[in-house]
Amino acid sequence: MTGRYQAYPEYKNSEVDWIGKYPSSWNITRVKFESYVKARVGWHGLKSDDFTDEGPYLVTGSDFRGSNIKWEDCYHCDLERYDQDPYIQLQEGDLLITKDGTIGKVALVNNLLGRATLNSGVFVVRPLGQNYTSRFYFWLLQSSVFTGFVDFNKTGSTIVHLYQDTFVNFKYAMPAYSEQLVINNFLDHETAKIDTLIEKQQQLIQLLKEKRQAVISHAVTKGLNPDVPMRDSGVEWLGEVPEHWDVARLKHLLTNIKAGPFGSSLTKDMYVKSGYRVYGQEQVIPDDFNLGDYYISEEKYQELKQYQIATDDILISCVGTFGKIAIVPPDIELGVINPRLIRLRCATSVTPSYLVTLLRSMVVFEQFSLLSRGGTMDVINIGTLNEIILPVPEISEQDVILQFVYNETTKLDILINKASSAIELMQERRTALISAAVTGKIDVRNWQPPQTNTTEAS
């Protein structure tokens, strides 16, 4: 990082793990000496019943979008709840930081549209005087100095918390106010360039994923021969299919379809340390059958044997994250499915690999969405699955299509992985640049924004 930039002429040793050395012209301080820090008192927290459609904005960490608040996504509260705590009534330019769950997300209050307050889980941080700019704090709290401090002090197991007494004792090195302004401008400019490159790679990934899905969907609905005679499938969303293909409901392509044990037949209090495996979304969503360590006894397995799985069975998640599909690999431990899965067994008219590819295609996924049932949680059931309509070629053609899909998607996956790696490297560079600037590892005091060349017509 220092290759392109000069270091400061002189440093001091902070004797603080997360700070290390800092420029001798900077001063070591703590948040509590420079900042007003407040959060909503726990028992004042609002629940969904307290949310309103209008009134003061109620900001949570989920409303952070990059460096700003996405006001249109915010909930609202009534004026009484807003007035309940004047210390967290937001002002233009306030800095917000999440303190629960995913701690350390930061955003600045810009373009404040009216009254706004905080719900639980967020600190408002405001300068006590003119020693620092909120923009400098915004960058500081994204640096390795702060993440090092958080890692050293965070508490909690499943849910992580950053307590106010801990946060206000965050120790860091602070430059002069005028120097902060230069650092802010430098980081605004340099990170904007990196963010633009990241966005372009993200757009490329999205296009590649769309192309990948289109390749699969076209292959399994239209085939590979553009000259083959076509016929109307009789299904509006499917359109024409090759004349020699069958069009069938899923139930006619299976020898068996089975939902996991209902209700109290299998619950977590029945699990033991060893025995027969219980398979669920933990394996199906990532398509990794090595994950998980839930077991049932021999006695329970015999009781639930009708739900056992075998090589080439197709498993579909049917609740919550529904529609995820995996094929059971060979040589797995004996076991049964849990209530969140449906098991399919193929007839001889379709291979398991082809049916999985077909079920993962865009056209079929749209049917999942249209036919699913549920309130707050999406649910798909056997009745829904049975009625899904699929175009099916002969077995020999299925094998050819599968090989084509594999070859084409492998090429696209390589490009997607390259773009993802590029994003990861750019994000690492972004973090390193921020950390170097706000900790004085690089000296940007003489930095000037690049001049835009303009040529006047003569």
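Quick note: residue numbers are just sequence positions, from 1.
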What is the minimum heavy-atom distance between [X] and [Y], and which atoms define it?
{"X": "Leu390", "Y": "Leu253", "result": "CD1-CD1, 3.8 Å"}
{"X": "Asn381", "Y": "Ile342", "result": "C-CD1, 3.8 Å"}
{"X": "Ala259", "Y": "Ile382", "result": "N-CD1, 3.5 Å"}
{"X": "Arg40", "Y": "Leu58", "result": "NH2-CD1, 4.4 Å"}
{"X": "Thr431", "Y": "Gln142", "result": "CG2-O, 4.4 Å"}

Inset, instruction - Take Thr166 and Phe149 through the test side-chain contact (heavy atoms from CB on, under 4.5 Å) and record every step on the way to the result. - result: CA-CA 10 Å; Thr166 302; Phe149 169 79; 3.9 Å; yes
Inset, instruction - Give the ring-plane orientation class for Phe167 versus Phe170, where under 30° counts as parallel, over 60° as perpendicular and anything between as tilted. - result: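 Parallel, since the angle between the ring planes stays under 30°.
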If you measure from the Lys or Arg side-chain nitrogens to the Asp or Glu carboxylate oxygens, is any gap between [X] and [Y] under 4.0 Å?
{"X": "Lys38", "Y": "Asp85", "answer": "no"}
{"X": "Lys47", "Y": "Asp49", "answer": "no"}
{"X": "Glu408", "Y": "Arg212", "answer": "no"}

Inset, instruction - Show your reasoning for whether side-chain contact (heavy atoms from CB on, under 4.5 Å) applies to Leu359 and Leu344. - result: CA-CA 12 Å; Leu359 290 173; Leu344 313 182; 4.0 Å; yes
Inset, instruction - With Ile314 as reference, evaluate Val284, Ile325, Ile309 under the side chain to side chain contact (heavy atoms under 4.5 Å, CB included) test and give the passing residue. - result: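 Testing each of Val284, Ile325, Ile309 against Ile314, the sole residue satisfying side chain to side chain contact (heavy atoms under 4.5 Å, CB included) is Ile325.
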Legend entry - Enclosure of Lys32 NZ (heavy-atom neighbours >12, cutoff 6.0 Å):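 Above 12, so yes.
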Legend entry - Side-chain donor or acceptor of Thr98 paired with backbone N/O of Lys105 under 3.5 Å: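 It does hold such a pair.
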Inset, instruction - May I ask you to check whether Phe136 and Tyr172 place their ring centres under 6.0 Å from each other? - result: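 No, the ring centres sit 6.0 Å or more apart.
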Legend entry - Centroid-centroid distance, Phe51 to His76, less than 6.0 Å: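 No, they do not, as the ring centres are separated by 6.0 Å or more.
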Inset, instruction - Indicate whether any N or O donor in one side chain lies under 3.5 Å from an N or O acceptor in the other, for Tyr75 and Thr60. - result: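 No pair is found: no donor N or O on one side chain lies under 3.5 Å from an acceptor on the other.
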Inset, instruction - Applying salt bridge (Lys or Arg N to Asp or Glu O under 4.0 Å), run through Arg430 and Glu190 and close with a yes or a no. - result: CA-CA 8 Å; Arg430 188 183 191 277; Glu190 294 298 316; over 6 Å; no
Inset, instruction - Before giving the answer on side-chain contact (heavy atoms from CB on, under 4.5 Å), spell out for Phe404 and Val215 the whole-Å C-alpha distance, their side-chain angles and the decisive distance to 0.1 Å. - result: CA-CA 9 Å; Phe404 170 83; Val215 164; 4.1 Å; yes
Inset, instruction - Identify, with sequence neighbours excluded, every residue that meets salt bridge (Lys or Arg N to Asp or Glu O under 4.0 Å) alongside Lys418. - result: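 Lys418 satisfies salt bridge (Lys or Arg N to Asp or Glu O under 4.0 Å) with no residue once adjacent residues are dropped.
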